[in-house]
Amino acid sequence: MSSPARKWLPVLLLVAAATATAIAVAAQPGVPTATAGAELGRWITESGNLEVEIAPCGDALCGTVTRVLANHSMSDSGKEMAAADSRSPLGTKLVYDLVASGDNQWRGQIYNRENGKTYRCIVSVEDANRLRVRGYVGIPWIGKTQIWTRVS
């Protein structure tokens, strides 16, 4: 073996070993994946304002407002919400681009009608009737969690 080839051999072996390890880990049972179906359906937001249907939307999941129930402020308890967006929320994609990121967990975007901003979000199934929705900025620790309840 020539001298330049001998110099690169350890690097090539390391890359091959790392690739084989990554493939083996990904193929193991128990690697987190979302459980299809548990998150689908209609949910009432924590404020009680909206009914949102979580359904497939292209290669991801989206949550579209199917019914407006109230107009409570999410930031000022007991007051009416002054939405930053004057359009009707009906038909709005409130959560979107949700892709599986673990057991019963999806990551995507969530729109806040009250301030007109979009945040990253993590959606996870707590049980058959409770959906945990966490909107955040930057990292998940800087955010707010809501519990949505399934429409019966």
Side-chain angles (χ1 to χ4, degrees), residues 11 14-152:
V11 173
L14 182 62
V15 169
T19 302
T21 301
I23 290 169
V25 168
Q28 285 181 357
V31 171
T33 56
T35 303
E39 73 293 352
L40 301 177
R42 292 187 179 218
W43 301 87
I44 304 294
T45 59
E46 185 173 272
S47 63
N49 286 341
L50 306 170
E51 181 177 298
V52 178
E53 182 173 17
I54 306 284
C57 180
D59 291 338
L61 297 175
C62 294
T64 305
V65 177
T66 57
R67 203 165 134 208
V68 178
L69 304 168
N71 193 41
H72 306 295
S73 174
M74 294 181 295
S75 59
D76 197 357
S77 185
K79 297 207 174 172
E80 191 142 319
M81 179 178 63
D85 186 345
S86 62
R87 296 176 295 166
S88 168
L90 199 58
T92 299
K93 288 198 184 332
L94 205 61
V95 291
Y96 54 94
D97 294 338
L98 294 173
V99 294
S101 65
D103 284 337
N104 292 319
Q105 188 176 85
W106 297 262
R107 289 182 184 258
Q109 306 289 317
I110 187 165
Y111 175 69
N112 181 338
R113 293 180 47 243
E114 196 157 0
N115 66 13
K117 294 182 180 180
T118 300
Y119 300 94
R120 291 180 181 175
C121 73
I122 299 172
V123 175
S124 56
V125 177
E126 287 208 337
D127 60 43
N129 295 310
R130 293 167 34 108
L131 196 65
R132 180 184 205 82
V133 180
R134 180 158 186 84
Y136 65 95
V137 176
I139 56 175
W141 298 295
I142 303 172
K144 181 177 184 203
T145 299
Q146 291 188 355
I147 303 298
W148 294 5
T149 55
R150 187 178 295 280
V151 174
S152 47

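Everything quoted here is computed from the prediction, not taken from an experiment.
In this structure, Arg120 and Gly138 approach most closely via the heavy-atom pair NH1-O, 3.2 Å. Summarising the geometry of Ile110 relative to Cys121, their closest heavy-atom pair is CG2-CB, 3.7 Å, with the distance given to 0.1 Å. Across all non-hydrogen atoms, the minimal contact from Trp43 to Ala128 is CH2-O, 4.0 Å. Here the closest non-hydrogen pair linking Tyr119 and Tyr136 is CB-O, 3.5 Å. Closest non-hydrogen pair, Ala84 versus Asn115, comes out as CB-C, 3.5 Å. The two residues Glu114 and Ser73 make their nearest non-hydrogen contact at OE2-OG, 2.7 Å.
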*Would you please test Thr92 and Arg87 for side-chain contact (heavy atoms from CB on, under 4.5 Å) and show each step?*
CA-CA 9 Å; Thr92 299; Arg87 296 176 295 166; 5.8 Å; no

_Apply side-chain contact (heavy atoms from CB on, under 4.5 Å) to residues Arg113 and Asp85 and explain how you reach the verdict._
CA-CA 6 Å; Arg113 293 180 47 243; Asp85 186 345; 5.7 Å; no

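For the atom pair CD of Gln146 and CG of Leu131, the computed distance is 10.5 Å after rounding to the nearest 0.5 Å. Note: Gln105 CD to Leu98 CG = 11.0 Å, rounded to the nearest 0.5 Å. For the atom pair CZ of Arg107 and CZ of Arg134, the computed distance is 11.0 Å after rounding to the nearest 0.5 Å. In this structure, SG on Cys62 lies 11.0 Å from CG on Leu94, to the nearest 0.5 angstrom. Trp106 CH2 to Ser101 OG: the interatomic distance, rounded to the nearest 0.5 Å, is 8.5 Å. Summarising the geometry, atom CZ belonging to Arg130 is positioned 9.5 Å from atom CD belonging to Glu46; distances are rounded to the nearest 0.5 Å.
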Would you give me the side-chain donor-acceptor pairs under 3.5 Å for residues 49-61, sequence neighbours excluded?
unit_1: Asn49; atom_1: OD1; unit_2: Asn71; atom_2: N; d: 3.3
unit_1: Asn49; atom_1: OD1; unit_2: His72; atom_2: N; d: 2.7
unit_1: Asn49; atom_1: ND2; unit_2: Ser47; atom_2: OG; d: 3.1
unit_1: Asn49; atom_1: ND2; unit_2: His72; atom_2: O; d: 2.8
unit_1: Glu51; atom_1: OE1; unit_2: Arg67; atom_2: NH1; d: 3.4
unit_1: Glu51; atom_1: OE2; unit_2: Arg42; atom_2: NH1; d: 2.9
unit_1: Glu51; atom_1: OE2; unit_2: Thr66; atom_2: OG1; d: 3.2

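Considering only heavy atoms from C-beta on, Thr118 comes within 4.5 Å of Tyr96 through its side chain.
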